[in-house]
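Here's the structure, in structure tokens; my notes come after.
Order of the sequence lines fixes the chain letters, A, B, ..., with proteins taken first and strands second; residue numbering starts at 1 for each chain.
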Amino acid sequence: MEVEQLEVLDFLRRFPPFGDLPEEDLSHLASQVEVGYFKAGTQILELNQEIDALHVIRSGAVEVFRRNGDLYNRLSEGGFFGEFALLRNRRVRFPVTALEDTLVYFIPAEVFIQLFENNELFADAVEVEDRTRLRQAVSRREDANQLMTSRVIRLIGRDPVTLEQTASVRDAAIKMSEEKVSSLLITEPEKHDIVGIITDKDLRNRVVAEGLGYDTPVGSIMTPDPITIDAKQFVFEAMLEMLRHNRHHLPVVRYQKTLGVIALADIIRYESQNSLFVVSSIFRQQTVEELSNLAKEVKSSFVRMVNEDANSHMIGSAMAVIGRSFKQRLLELGEEKLGPPPVPYCFLALGSMARDEQSIVTDQDNAMILDNRFDPKQHDDYFLQLAQFVSDGLAACGYSYCTGGIMATNRKWRQPLSVWEKYFTDWIETPAPEALLNSSIFFDLDGVWGKEEWADKLNDLILRKTKRNPRFLACMARNALNRTPPLGFFKDFVMEKDGKHNNSINMKRRGTAPVADLIRVHALAVGSRSHNSFDRLQDIIAAQILPKGRGQDLRDALELIAMVRIRHQALALEEGQEPDNNVAPENLSDFERKNLKDAFQILSNAQKFLKFRYPL
Amino acid sequence: MFYLGSQKLRDPQQQDEDRTRQQEVTITDWQAHFAQLAKQTREKRLQAFYRAGVVDAQTPLKDVPLLALDVETTGLNPRKNSIVSLGMLPMTLNRIRCSEAKHWIVNPLSGLNNESVAIHGITHSAIKKAPDLEVVLDDLLETFRGHVLVVHHRGIERPFLDVAIKTRLGEGLQFPVIDTMELEARLHRQKALSWWKRLLGQKPASIRLADSRARYGLPWYRPHHALNDALATAELLQAQIAYRFSPDTPISELWV
């Protein structure tokens, strides 16, 4: 007779993977459970003991050990153990001891095996390979994300509306009204090739405001060779293209054929994605004070993206674009105030902004490359004032000053291109770990304003010099090992390698930063041009320098760690608190806790591999 | 487990005596007692139950077949009130076996009152469909056979079953129990609180099921469902033995 075990059932329902089982299976499972109590300190499983059940912790906590006696894991309510032995030869490989008084629900081996074989989701979730479990968690998240899975082509509602470039602007206006569109693609006479685009904004700004006649040919006011997007790209990428180039219309192409145009409004209608509004309002603000008022809108767009299930790549990119836009607008305002620059310059983004991995809690890391004709006596006064204006402005907008002094206000980081080239040459050719410690941030570098090509020049130099320089890579690798993930964590504290307990984990210092650091070393080794850690990983995987599967594992680990950090910050914002990077394990869901442990394990293994791959 | 007001709980021993005086002669050798009952009893099913016997008083705990039991009733008085549901689970010191659990809702002869409905949640309509205890009696005796029962507060389970079976078979039922509440009382009620401690306002430790469980780090379970309470009692016994006895302790030290 099967009797309904209400307590057991209610408990199992609360924890994955049991909670995801069909009701019928779950009821049956609950009715088959056996229960046992273990006083704190007693051994629950001994090495090589025969095992007859999956052990689920109902209450209390246990410690799992390696064969050599090292602590392997700590588990608490909802955690389970013994699956490894059950799926192998039924001999215990990881002994387990009760850390607290512990009540265990035993799921008999035959019931477990039956579930494992008949229920794919359940099997995936308990699969002994920790990494696999993490992969599942991450890919399921991505499935849920519309922006990442929707292709641009879905936004095209109609065939493109075109006009020959010899037609008049009046014809263009008539056609736009008739067709009810806000842009026209411009073609060469008698041909279908697209040579440009005009938008209703162009009619206003370039025709009416300029006092041009209605007969002006559209060819003379169009934007030639418009930036296009491939129909198979994601909506999210189209959005980023628009943000990056400050365009509101993108022709969509496929195999050289133009399929249509998507407008900003289309995307907004599709995904009310607020970061777009923030960016466009940044460029409309006239003073630093007005700009600083946007800080709260940046925060709410961040929260909205998290709630809409965007992934870390998308959120990081959007925050970076917003950060860049602030810099650009501040530089514009600065130049208005101080007059045009005496010599050309390039304003740089460094670190997470350059990697498109910015979060809401971030400080400003920036620098300036000046023209080689730069003469400190004559010109530096101007650039110092400009740097100060931007830096103060950014601080007012919520980007705190860089405590390490990596800002263009620091004379050292406001230098002509030739000096920058020397900096990099020194760092790379005569590397010393101590000197490199503070400069790794410069290896993530991107131009945001002015002579952006100078940033590319420096990136070229970096690639050229680092690729076959084992000593430099070894120094970078050594620095990448300075920050390590915690050994584990457990209910309300974090276990450190030295046995100490902490109340929280700094998810940046212990998580995203060390992952980005180690990915950077591999990326430099394979000569990757990418800056974003996910893009770099693609290049690293393609170069086949990691053992099979490890690159994918690392990607999943980074995504999970980054999302835990982002969600934690979004939660703080929603509760009206100041967001930070410190996550207390007790605030994590059981799902997050479990997967985060796996992610840290992957990071730890990847660090070991790094040490071995780039020896000093 | 019926809910006991704090007033009544203060002296469980007293209550026991009121209701079950005739049964409460302390029996230490249940094996011999069962042999005697087998001779005295005329009702065939009960006779068979006693003949099947029970373990020797010296049997170590680890070898004793145990059965955790809880009954929900319509009130506290076994002469006026009746059983509404029974939950039971076989167990050893190591494992409690949910797969062999039994849970019966039965029709109380005395009828439900609203107060008890509020406690155990078993309603008039659920009862209407339920059989009389008579129907599950064979199954019950079969399940009990050879086991030492485990209850929290024997002043409910034993007298209620005794009366219920006497009503139906003409003769009552006796069986050995381990009372987890009594085990807690041994620890916390051995001697009355000193006048000094009473003066300081110290109250005696609660030996109610949930409070006793909490002392051993056991989780809170929703009370007043016979099967949940039986499971809760079974876990409590495992914890009590892990902390205070040894698996080799003879059953005679625990059963009553």
In residues 236-249 of chain B, which residues are in contact with chain A at a heavy-atom separation under 4.5 Å?
Gln238(B), Ala239(B), Ala242(B), Tyr243(B)
Would you say that more than 12 heavy atoms from the other residues, nucleotides or ligands in this model lie under 6.0 Å from the CD of Glu24(A), or not?
no
Looking at chain B, which one of Thr42(A), Asp52(A), Val8(A) has the largest number of heavy-atom pairs inside 4.5 Å, strictly under?
Asp52(A)
Separation between CZ (Arg213(B)) and CG (Leu103(A)), nearest 0.5 Å, reads 7.0 Å
Donor-acceptor contacts, no H, no angles, side chain residues 111-119 of chain A, under 3.5 Å, sequence neighbours left out:
{"residue": "Asn118(A)", "atom": "ND2", "partner": "Gln114(A)", "partner atom": "O", "Å": "3.3"}
{"residue": "Asn119(A)", "atom": "OD1", "partner": "Leu121(A)", "partner atom": "N", "Å": "3.1"}
{"residue": "Asn119(A)", "atom": "OD1", "partner": "Phe122(A)", "partner atom": "N", "Å": "3.0"}

Out of curiosity, Glu235(B) CD to Arg58(A) CZ, how far, rounded to the nearest 0.5 Å?
8.0 Å
Does Glu120(A) CD have over 12 foreign heavy atoms under 6.0 Å away?
no
Distance col, row Cys98(B):SG vs Glu34(A):CD, nearest 0.5 angstrom, shows 8.0 Å
Once rounded to the nearest 0.5 Å, what's the spacing between atom CG of Leu231(B) and atom CG of Leu6(A)?
10.5 Å
Using salt bridge (Lys or Arg N to Asp or Glu O under 4.0 Å) as the criterion, list what pairs up with Glu23(A), not counting sequence neighbours.
Arg13(A)
Applying side-chain hydrogen bond (donor to acceptor under 3.5 Å, both in side chains) to Asp138(B) and not counting sequence neighbours gives Arg45(B)
Just by modelled atom types, is the Tyr37(A) backbone N or O under 3.5 Å from a matching donor or acceptor in the Tyr216(B) side chain?
no
Rounded to the nearest 0.5 Å, how far does CG of Asn94(B) lie from CZ of Phe38(A)?
7.0 Å
